[in-house]
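Presented below is the structure to which this report refers.
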Amino acid sequence: MSHAKISESTCKYINSLIFENLIEGYSLDYSKRLATMFEKKENGGYKRITEFSSDLKELVKDIDIDIRKSEEFMREGKGFDLTSSNIKHEIKSIMRELRSPTNKLRTGLQYLNRMLNGGFESGRSYLFMGVTGIGKSIILLSVALWIKKFNDLPKKDGMKQAVLFISQENSKSETFERIFNINVSGKDIREFSDDDIEDSLKNIGLIVDSNDNDSINFIFKYFDDKEIGVSDIDAMISDYERQGIQVIAVVQDYIEKLKPKHSYSEMRTSLGSIATEMSELAKARNIPFISAAKLNRMASSVVDNAIAN
C-alpha cells in the first residue's frame, strides 16, 4: 500500500473538480424544479400567486444554501501542526484571531462576562435555559441591547453593524415597551409623550442616527410561531449584507418557536435538529447565535427542589 503524501496543488485540483461537479448537479436538479413550478403555474396549479412566490423563495433559499455548502470544498482546511518551521506563523495567526475584538461580545454584567470567559464568542451558539415565567425573554432582549451598547468592533468592508433580535414570542409594541422600561423608566410608557420617549432613547444612545456608521444598530423582527427556521435567518443576514449591514450577533426568542428543517414526531429530536442548525449558522457566519429554551417538567422539578432546599 502506498503512503505517498498528496501535494497541496493536487488537493486543490481535486477540490475544484468536486466543486464543479456539485454545481453541475445542483443546476440540473434546480432547473427541473424551476421548470416544474412554472408548468404548475401555467396550468393553474397555484390557487394564489403567494403560493407560487413562497415556493420560488424556498427554491432560491435552497440554491443559496447548497452552493455555499459546496464552496466548503474550495476552502483550505483550518488546522495546524507543531513543527518548528510552522508554529511561529500559526501562533501569530491564532493569537490575532483570539485577540480580535470580534471574538468576544461583552454583556452588561461583569459576572456573566466572567462566566462566558469574556463574552459571547464568535462562531458559537448559546441557550439560556429556564422554567416558564422566569424571565428568559427579558434576558435575551437585555443581551441584544448589551451587545449593542458595550462593544466597539472593527468594520467589515466599511459596512454598518447591527444586532439582529428576532422574537416569536413578544410583538413589536410589547418589545418596544420592554426596551423603554429596561433602559429609561419602569413607569407606564403611555404616561410619556412621543417626543419624550424619542428624546429619552436618544439621550442614552439607543437610537442610532441614519448617517452614523460607527454605532451598532438594533434590528427587531417579529414572526409567528414556526413561521421561520434557521435557514430563513441565514437568508435574512445575506439580505442585510446586500444592504451594507453586517449582522454581528443573532438573538432569537426562543428555540421552540423556530421551524425545524424536517418534521419530527418528538419535540426533543426537533429541538436537537434546530440546535445543530443554530451551531452551523454561528460557525458559517462567525457570529454568536443566542437563544433560550424551556426546561421540561423533570428539570423544573429539580430546580424547584433546589430552591426549596
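Here the structure is a predicted model, which means the values were calculated and not measured.
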Between Asp199 and Lys202, does a salt bridge (Lys or Arg N to Asp or Glu O under 4.0 Å) hold up when you go through it step by step? CA-CA 5 Å; Asp199 290 341; Lys202 276 183 179 177; 5.3 Å; no
Which heavy atom of Ser200 sits nearest a heavy atom of Phe180, and at what distance? CB-CE1, 4.5 Å
Val184 with Leu145, same ILVMFWY side-chain cluster at under 4.5 Å: yes
Between CD1 of Ile49 and OG of Ser54, what distance do you get to the nearest 0.5 Å? 11.5 Å
Tell me, do Leu295 and Val302 make a side-chain contact under 4.5 Å, heavy atoms counted? no
Answer yes or no: is there a donor N or O on one side and an acceptor on the other, between the side chain of Glu169 and the main chain of Ser137, under 3.5 Å? no
Using modelled atom types only, decide if a donor and an acceptor are shared between the side chain of Tyr222 and the backbone of Ser173 within a distance under 3.5 Å. no
Gap separating the CD atom of Glu277 from the NZ atom of Lys261, nearest 0.5 angstrom: 5.0 Å
For a quick test of reading the model, state the closest non-hydrogen atom pair linking Arg106 to Asn151 and the distance between them. N-OD1, 2.8 Å
Can you see which heavy atom on Thr107 is nearest to which on Trp146, and at what distance? CB-CE3, 3.6 Å
What are the two closest non-hydrogen atoms of Glu174 and Ser171, and how far apart are they? OE1-N, 2.8 Å
If hydrophobic clusters are built from ILVMFWY residues whose side chains come within less than 4.5 Å, do Ile182 and Ile179 share one? yes
Short side-chain donor-acceptor distance under 3.5 Å, Gln168 and Gln252: yes
Taking Asp232 for its side chain and Gly229 for its backbone only, find out whether a donor-acceptor pair lies under 3.5 Å. yes
Give a yes or no on this: more than 12 heavy atoms of other residues, nucleotides or ligands lie within 6.0 Å of atom NZ of Lys226. yes
So if you build clusters from Ile, Leu, Val, Met, Phe, Trp, Tyr with side-chain heavy-atom gaps below 4.5 Å, do Leu281 and Tyr240 land together? yes
Which value, rounded to the nearest 0.5 Å, describes the distance between Thr50 atom OG1 and Asp55 atom CG? 10.0 Å
Do Met159 and Ile216 sit in one hydrophobic cluster, given that two such residues count as connected whenever their side-chain heavy atoms are within less than 4.5 Å of each other, even indirectly? no
Does Lys149 have more than 12 heavy atoms from other residues, nucleotides or ligands lying within 6.0 Å of its NZ? no
Should Val230 and Glu280 be marked as a side chain to side chain contact (heavy atoms under 4.5 Å, CB included) after you check the CA-CA gap, both sets of side-chain angles, and the distance that decides it? CA-CA 10 Å; Val230 174; Glu280 289 174 350; over 6 Å; no
May I have the step-by-step check of side chain to side chain contact (heavy atoms under 4.5 Å, CB included) for Phe218 and Leu141, ending in yes or no? CA-CA 10 Å; Phe218 172 92; Leu141 181 57; 3.8 Å; yes
Ser270 side chain vs Tyr264 backbone, donor-acceptor pair below 3.5 Å: no
Between Tyr254 and Phe120, is there a shared hydrophobic cluster once you connect ILVMFWY residues whose side-chain heavy atoms come closer than 4.5 Å? no
Is there a donor-acceptor pair under 3.5 Å between the side chain of Asp209 and the backbone N or O of Asn211? yes
Hey, does the side chain of Gln161 reach the backbone of Pro154 with a donor-acceptor pair shorter than 3.5 angstrom? yes
Asn117 atom CG: more than 12 heavy-atom contacts under 6.0 Å: no
Side-chain touch Asp253/Lys257, heavy atoms, less than 4.5 angstrom: no
Near Glu39 CD, under 6.0 Å, is it more than 12 heavy atoms from other residues, nucleotides or ligands? no
Please give me the minimum heavy-atom distance between Leu258 and Ile274, naming the atom from each residue. O-CD1, 3.4 Å
Check whether any side-chain N or O of Lys155 sits under 3.5 Å from a backbone N or O of Asp214 as a donor-acceptor pair, and report yes or no. yes
Any heavy-atom pair between the side chains of Val208 and Lys160 that's under 4.5 Å? no
Between NZ of Lys40 and CD of Glu51, what distance do you get to the nearest 0.5 Å? 7.0 Å
How about Asp188: does its CG atom have over 12 heavy atoms from other parts shown lying under 6.0 Å from it? yes
Less than 4.5 Å apart, side chain to side chain, heavy atoms only: is that true for Met236 and Ile166? yes
OG/Ser27 to CG/Leu34 distance, rounded to the nearest 0.5 angstrom? 12.0 Å
Heavy-atom distance under 4.5 Å between the side chains of Ile245 and Asp239, does that happen here? no
Side chain proximity check, Arg33 to Asp62, heavy atoms < 4.5 angstrom: yes
Look up atom CE in Met278 and atom CG in Leu271, then write down how far apart they are to the nearest 0.5 Å. 10.0 Å
Verify whether one side chain among Ser142 and Arg178 offers a donor that lies under 3.5 Å from an acceptor in the other. no
After noting the C-alpha distance and the side-chain angles of Leu164 and Val251, does the key distance pass the side chain to side chain contact (heavy atoms under 4.5 Å, CB included) rule? CA-CA 6 Å; Leu164 177 58; Val251 183; over 6 Å; no
Hey, does the Lys NZ or Arg CZ of Lys41 hover above the aromatic six-ring of Phe52, less than 6.0 Å from the centre and inside 45° of the axis? yes
For Thr276 and Gly272, indicate whether the former's side chain and the latter's backbone hold a donor-acceptor pair under 3.5 Å. yes
Apply side chain to side chain contact (heavy atoms under 4.5 Å, CB included) to the pair Val143 and Val163, showing each step before the final yes or no. CA-CA 10 Å; Val143 161; Val163 179; over 6 Å; no
Lys61 with Glu58: basic N within carboxylate O range, under 4.0 Å: yes
Within 6.0 Å of CD in Gln110, more than 12 heavy atoms from elsewhere: no
Mutual orientation of the aromatic rings belonging to Phe220 and Phe165 [parallel < 30°, tilted 30-60°, perpendicular > 60°]: parallel
Where the side chain of Lys136 meets the backbone of Val131, is there a donor-acceptor pair that is under 3.5 Å apart? yes
Grab the two heavy atoms, one from Pro288 and one from Leu105, that are nearest each other, plus how far apart they are. CG-CD1, 3.5 Å
